[in-house]
Number of protein chains: 2
Amino acid sequence: MMNQRIRQQDIAKKLGVSINTVSLALKDSGRINEDTKLKVQEVAKALNYIPNSIARSLVQKKTYVIGFILPSITNPIQIETAQNIESKLLANGYNMMLMTSDHDKNYETKALDILLSRQVDGIFLFPTDIQDQRKNQEKIKSIRDANYPIILLSGGNFILPSDSVYMNQYLGAYKATEHLINMGNKDIALIYGGTRNTEKHRGYIAALKESNLEYNPNQVATVQNSSYEQGYRAASQIIKNGSVTGILASGDYLALGALRWCREQGLRVPEDVAIIGFDDLEASRFAEIPLTTITYKVEELTTQATDLLFSLISNQEKLTWIEPRRFEIEPTLVIRESCGFKKRSERLL
Amino acid sequence: MMNQRIRQQDIAKKLGVSINTVSLALKDSGRINEDTKLKVQEVAKALNYIPNSIARSLVQKKTYVIGFILPSITNPIQIETAQNIESKLLANGYNMMLMTSDHDKNYETKALDILLSRQVDGIFLFPTDIQDQRKNQEKIKSIRDANYPIILLSGGNFILPSDSVYMNQYLGAYKATEHLINMGNKDIALIYGGTRNTEKHRGYIAALKESNLEYNPNQVATVQNSSYEQGYRAASQIIKNGSVTGILASGDYLALGALRWCREQGLRVPEDVAIIGFDDLEASRFAEIPLTTITYKVEELTTQATDLLFSLISNQEKLTWIEPRRFEIEPTLVIRESCGFKKRSERLL
DNA sequence: TTGTATGCGTTATCAA
DNA sequence: TTGATAACGCATACAA
């Protein structure tokens, strides 16, 4: 029910000029009389005219809307990424349409179709799952082949159907595991999201292998989402399973949940169990035992991603002929207290 | 650069029928031959036809897009609210356009204009600030008077220009303060967002007054956002100011930051300082001292809000003649350990 | 059951 | 500097 809104026609009629004149005047076009321009703008303001961008989009074939698909809210990093990108888009005159894909399993495809139908000028996609990504691979490829800018916010040691910007999670997991090993741990557990985190899994295994440590499936727990509760629960299972002295969790909330369980059991951290997380959330800095973790460089990632998107948008050449580019961002280790190496000074205000 | 996409015209030409036939067939209209309908749908699928909803919106005067304006990301409750509403909208065939208003101070107005220009079918607005809300009051009123559904997700003891659904924060703060008093605290500090939280401020004062306790401005700290860091910092200031034994924070992260500061100073919680937060985030359940807090009933709020929105959308009567409705949701106290009353059993899995 | 014609509000092209 | 006219892709009223 858009109620009768003011159109260019209305203000044209009021002034006895043509619609075209109004259109040009509102555009602040140079090739129009200053007086009439002012008159038009004045009346427009008086009538509270608001341009209909739907109509404009139809003729210009451009909506200035960018779609953003992300799995869900449990990972605050993804939300932060979305909002960070939103503000960058805004600075360039674009708005964001946000869709979450986790509602049902195959919703990612549907979300893509909706965004295409809405004629968005580009898409950022946080794939739900490497599995699903493979499944949508053809679709994504065809979207890109139609010169439609689509950027993936994930990646790894495999071929992607489109351009991508991502934190190198393999490397992150490798560094984290290596750190646990260096701190003297030999039985290191992994708490992670299964098919959502295959790269982290790979990095974990690679680091173990590098140190000639055995990969023990009993020390790996799969988790539904990256909440405290799941980390708490996973820790309870894993530690009962054996002599684990180190835990790598694929997210900080998982790590903090695990930390809580350990503390409740009277286990000391890091003396009895060392814990390391992922993402460097604020909660980790303020945890009871400040958490050692792996950074997720949101600002760097979103800057790269939006730059890439805008270059694709303004670029005229057929994307088909360009190899998909990938930008990796290298995560770094943030050492706090949960694996040893106390540095109390860090939290000074 | 929308590349040449398939239109109804293209599939009409391919089949030698009229556009109208195609339009009806794709609509699955009853008044069309089954054979041709199937044929059309087949070709549409083969050509990978995706309807142009921009064009459809122009003629139907309906976009099936709802705008959502929220201040920023520091409050995870607002994000959760947005995503919760997004999923409810989706179930009804609507999508959400997300805008954050905190970038510059007066951006809320601009966001409203953008959404109106984009012809969204309705708007949810989380006002940045009561102050700003007053400022935009006329604008919001005029939007509503134009029969444009706009719903505010805040409220209080004052007149609102449009329909609203909100947690009664006055009551929440009252209950929280009362609880602190009941636990024997007489010097109770408030950490809150200033003009963003006037209702909480009022509730705090009312509860003090009810117990004949003096309101002491030195025990009130204003904070930039609801992060751990701000809570940590505020606690350091406030506790140095005097003999505070209880802290009410307007958000759980603030409370947890304050908790951390106290612990680092060797203060026991709740024995030396009792702390209570707001929102009942997951982090509070898993804190080193599980946090007593006030619930924010996201699901209840979003259900009310979307129901109200859809009733406005389908309603044909002039909104001008209807008094703005308001739905208050009553917050409840969740007692954990940070104010006393230990209940260790709660966290069983 | 299908086709034709018109319009949605705007921009763009071409004359005047 | 302005005005008429034709698009944009789709839906709808009406005709056939």
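Note that the structure is predicted; figures quoted are calculated from it, not measured. Residue numbers begin at 1 in each chain, while the letters A, B, ... track the order of the sequences.
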Heavy atoms from C-beta onward define the side chain here; which of [options] lies closest to that of [X]?
| X | options | answer |
| --- | --- | --- |
| A:K27 | D:dG9, C:dA12, C:dT10 | C:dA12 |
| A:R7 | C:dG9, C:dT11, D:dA4 | C:dG9 |
| A:R56 | C:dT11, D:dG9, D:dA11 | C:dT11 |
| A:A55 | C:dT10, C:dG3, C:dT11 | C:dT10 |
| B:Q8 | D:dG3, D:dC10, C:dT10 | D:dC10 |

Which of A:K13, A:Q8, A:R7 passes side-chain hydrogen bond (donor to acceptor under 3.5 Å, both in side chains) with A:D10? It is A:R7
Taking the six-membered ring of A:Y49 as reference, does the NZ or CZ atom of A:K45 fall below 6.0 Å from its centre and within a 45° cone about the axis?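 Ring-cation test returns no.
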Assess whether a salt bridge exists between A:R326 and A:D163, defined as any Lys/Arg side-chain N lying under 4.0 Å from an Asp/Glu carboxylate O.
no
Would you call B:K88 and B:E299 a salt bridge, using N to O less than 4.0 angstrom? yes
- Task: Please figure out whether A:Q9 or B:R31 has its closest DNA chain C nucleotide nearer the 5' end.
- Result: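 The residue mapped nearer the 5' terminus is B:R31.
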Quick check on DNA chain C: between A:I19 and B:N33, whose nearest nucleotide comes earlier from the 5' end?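 By nearest-heavy-atom nucleotide position, the 5'-most residue is B:N33.
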### Task
Write down the distance between CD1 (A:I32) and P (C:dA16), rounded to a whole number of angstrom.
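Roughly 20 Å, once rounded to whole Å.
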Atom CZ of B:R118 and atom P of C:dG9 are separated, to the nearest Å, by 18 Å
Problem set entry | hbond_proxy B:N20 side chain to C:dT4 base (donor-acceptor, 3.5 Å cutoff) | yes
query = Would one find a side-chain N or O of B:T36 under 4.0 angstrom from OP1 or OP2 of C:dT2?
reply =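 Yes, within the criterion.
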